[in-house]
Amino acid sequence: MAGIEDLIEVYRGENLIEKIKRLREIKNPIFKGKYPGLNKIGKFATTKLPTAQHYAGNFPNIIKSAKLPKDTVEFGKRLFDKAHFKQMADHTGHISRLLIPKKAEDKLKVDILKTFMSNAKA
């Protein structure tokens, strides 16, 4: 079990309207195999709340969060690098994007307060 200091909070922002559109595309047989990135929907996260709020976009949206062990977050960053490209660090040198490993996807839960604040800004 990871100690409290070993846990890193990750966030995921989702726009509900866009999510419904993407789920329809996944289920539509016309798009089968046409867009290879559709199987990665719902797996991206970040360690920064403002970035998640940016990805959530306009009203209605939800913000999910979870506290994951540091090694799981590092593994997710390596998955992101391997699947897409080397990450660009922001001005603080902190890399924030990651792919959530399958074993940690279930830990992401809707954060009511952060969702409310994100919708109020939108």
Non-hydrogen side-chain atoms of Leu68 and Ile8 separated by less than 4.5 Å: no

Nearest heavy atoms of Gln53 and Lys121, plus distance in Å: OE1-NZ, 3.5 Å

Side chain to side chain donor-acceptor pair (under 3.5 Å) against Thr46, all qualifying residues, sequence neighbours excluded: none

N/O donor-acceptor pair under 3.5 Å between Thr115 side chain and Asp111 backbone: yes

Residues that, via side-chain heavy atoms closer than 4.5 angstrom, fall in one hydrophobic cluster with Leu16: Ile62, Val110, Ile112

Residue pair Ser118 / Ala56: nearest heavy atoms and the distance that separates them: OG-CB, 4.2 Å

Side chain to side chain contact (heavy atoms under 4.5 Å, CB included) assessment of Phe44 paired with Leu99: CA-CA 5 Å; Phe44 294 95; Leu99 268 171; 3.7 Å; yes

Side chain to side chain contact (heavy atoms under 4.5 Å, CB included) between Leu108 and Val10, worked out: CA-CA 8 Å; Leu108 281 174; Val10 296; 4.3 Å; yes

Co-members of the apolar cluster containing Ile63 [side chain, <4.5 Å]: Tyr11, Leu49

Donor-acceptor under 3.5 Å (Lys109 side chain, Asp106 main chain): yes

Which residues share a side chain to side chain donor-acceptor pair (under 3.5 Å) with Lys64, sequence neighbours left out: none

Atom pair NZ/CG of Lys102 and Leu79 - distance to nearest 0.5 Å: 10.5 Å

Any Glu18 side-chain heavy atom under 4.5 Å of Asn61 side chain: no

Contacts of Glu105 that satisfy side chain to side chain donor-acceptor pair (under 3.5 Å) - sequence neighbours left out: Lys43

Residue list, side chain to side chain donor-acceptor pair (under 3.5 Å) with Asn15, at least two apart or on another chain: none

Non-hydrogen atoms of Ala45 and Ile100 that approach each other most closely: CB-CD1, 3.4 Å

Rounded distance (nearest 0.5 Å) linking atom OH of Tyr55 with atom CZ of Arg12: 10.5 Å

Interatomic spacing from NZ in Lys19 to CD1 in Ile17 - rounded to 0.5 Å: 13.5 Å

